[in-house]
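Reading through the structure tokens given below for one structure.
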Amino acid sequence: MFPSYLQAPNSNEIGTFLALDFGGSNARAAVVELKGDGTFMELHRVSRPLSDPITGRELRAPSVNAEELFDFLAEIIQKVLDHSPLSPIISSSIPFPLGFTFSFPYHQRRIGEGLLLNWNKEIKTAGVVGKDVGELLCAALARQGLGSVVRPTAIINDTVATFLTAAYQDSSVDIASIIGTGHNTCYLEPKAPGFDGSLIINTESGNFSAVPETLYDQRLDQQSDTPGEQLFEKKLSGKYLGELFRQIILDFSERGFLDFDFLRHWNQPYSISSKDLSLILTAEDNHSRHLFNIPRAELDIFRRVTLLLFKRSARLVAASLIGVILHQDPHLIKPHTVAIDGSLYEGMPGYAQELTAALSEGLASKSSLVTVKLSAGGSLTGAAIAAALEKLM
Ligand code: BGC
């Protein structure tokens, strides 16, 4: 439960800010203009994958160090500046404020700090754990010659970025969640101990652990890079559902329920992605059978297992959201809006409906008080709003 050091925006934050977003697979930077009245515009965006199949560069590997990773981020910022209409503004002597969305568990004692507690989502870059990512970014900006031009002022989690972007446009938003490669939720705490007034709290709920486990969950966890960590996320997020599916099908095969030649190719962990699962569900029977080279009856089993995994994922998320809502409002008397982003929620057929159904089941007659809405792509805008809020502090 990490304080974000930020309150909800009031929709009138104004100005032009640099924004950087570092998630599990891409890094992106942009110039964002906040216009007030809940409106904003992205002026220029540069996006680069952390793994480049053409050059073979893999920034998530343990052989890559913190300097290389953060130099890569500073280069992206440089590219944005080269092509943005900011040039006249940044020639002034005041460094340009930058908001940084960093989607990993970190500890902070002030808004500009982020001490990485541990990597997850299978990232292994060396020399970052235990370090302040704000300092690493400042040092890389200095090496890039941008030390006096750009000043990272706010570091936020991606759930907080989604919260800020959604709440900037709709003041009823009081919870935000990511259901994508990883999973996490933040919420507005009305009275945070040690702070005046309300505060956005990053729950890092992906690391919740009091959840019943199956044999497959245990196997996945034991074989992962981070046994014992992110146990909640490992049961439900996009990074892991394909691997859970693979563990289940291999077990069926070992027990003699299924017998396919192609299962020989499934020995590689993480060889099935949640995108593959979505294809299993949605592709025409013939296409999907051709894809995985499986007979009709088995395709039905695959679909059933996939549906169960999605259903369990949506119900676990719903349970944790209900926990947060009842913490905010024990008798559930006020309306709440949950903003959600993430590839699983947005892209997986039927996922959003499963989540709504589970929330309705759990909240029963009070369910009409809770609205869930998609709030896609708020990482960069949220970083800009955080930089604007920091300026007002
Ligand atoms: C990280 C969180 C992040 C979530 C969604 C989790 O793996 O620990 O910080 O918010 O993924 O990206």
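Remember, it's 1-based here, ligands and their atoms both numbered in the order they're listed. Predicted, not measured: the structure shown is a model, and the values here were computed from it.
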>> Is it the case that the ring center of Tyr5 lies less than 6.0 angstrom away from the ring center of Phe195?
In response: yes
>> Please confirm whether the ring centroid of Phe302 lies under 6.0 Å from the ring centroid of Phe245.
In response: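 Yes - the distance between ring centres of Phe302 and Phe245 falls below the 6.0 Å cut-off.
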>> Here's one to test your reading of the geometry: is the NZ or CZ of Lys131 within 45 degrees of the ring axis of Tyr106 and under 6.0 Å from its centre?
In response: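 Negative - Lys131 is either too far from the ring of Tyr106 or too far off its axis.
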>> Do Lys121 and Phe104 form a cation-pi contact, if we require the NZ or CZ to be under 6.0 Å from the six-membered ring centre and within 45 degrees of the ring's axis?
In response: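 Geometry flag: set, cation within 6.0 Å and 45°.
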> side-chain contact (heavy atoms from CB on, under 4.5 Å) with Ile77: which of Leu137, Val46, Val149, Asp82?
Replying inline: Leu137
[atom]: which protein heavy atom is closest, and how many Å away?
{"atom": "atom 11 (O) of ligand 1", "value": "Lys121 NZ, 3.1 Å"}
{"atom": "atom 9 (O) of ligand 1", "value": "Glu204 OE2, 2.6 Å"}
{"atom": "atom 4 (C) of ligand 1", "value": "Asn184 CB, 3.7 Å"}

Per-atom contacts of ligand 1 with [X], taking only distances under 4.0 Å to non-hydrogen atoms:
{"X": "Gln230", "answer": "7 (O), 8 (O)"}
{"X": "Phe104", "answer": "9 (O)"}
{"X": "Gly182", "answer": "5 (C), 11 (O)"}
{"X": "Asn157", "answer": "2 (C), 3 (C), 9 (O), 10 (O)"}

> Measuring from the heavy atoms of Pro105, does anything fall under 4.0 Å of ligand 1?
Replying inline: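 For ligand 1, residue contact (heavy atoms, under 4.0 Å) with Pro105 is present.
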>> I'd like to check whether Thr159 has a polar contact with ligand 1, where a contact means an N/O of the residue lying under 3.5 Å from an N/O of the ligand.
In response: no
> Heavy-atom contacts under 4.0 Å between His183 and ligand 1: side chain, backbone, both, or neither?
Replying inline: backbone
> With a cut-off of 6.0 Å (strictly less than), are more than 12 heavy atoms of other residues, nucleotides or ligands near CG of Asp37?
Replying inline: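 Incorrect, the count does not exceed 12.
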>> When you measure from the side chain of Lys124 to the backbone of Ala61, do you find a donor-acceptor pair of N or O atoms at a distance under 3.5 Å?
In response: no
> Considering only heavy atoms, which of Glu233, Lys239, Lys234 lies nearest to atom 6 (C) of ligand 1?
Replying inline: Glu233
> Between the candidates Thr162, Asp341, Asp158, which shows the shortest non-hydrogen contact distance to atom 5 (C) of ligand 1?
Replying inline: Asp158
> Looking only at heavy atoms, what is the nearest atom pair of Ser375 and Thr162, with distance?
Replying inline: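 That would be O-CG2, 3.9 Å.
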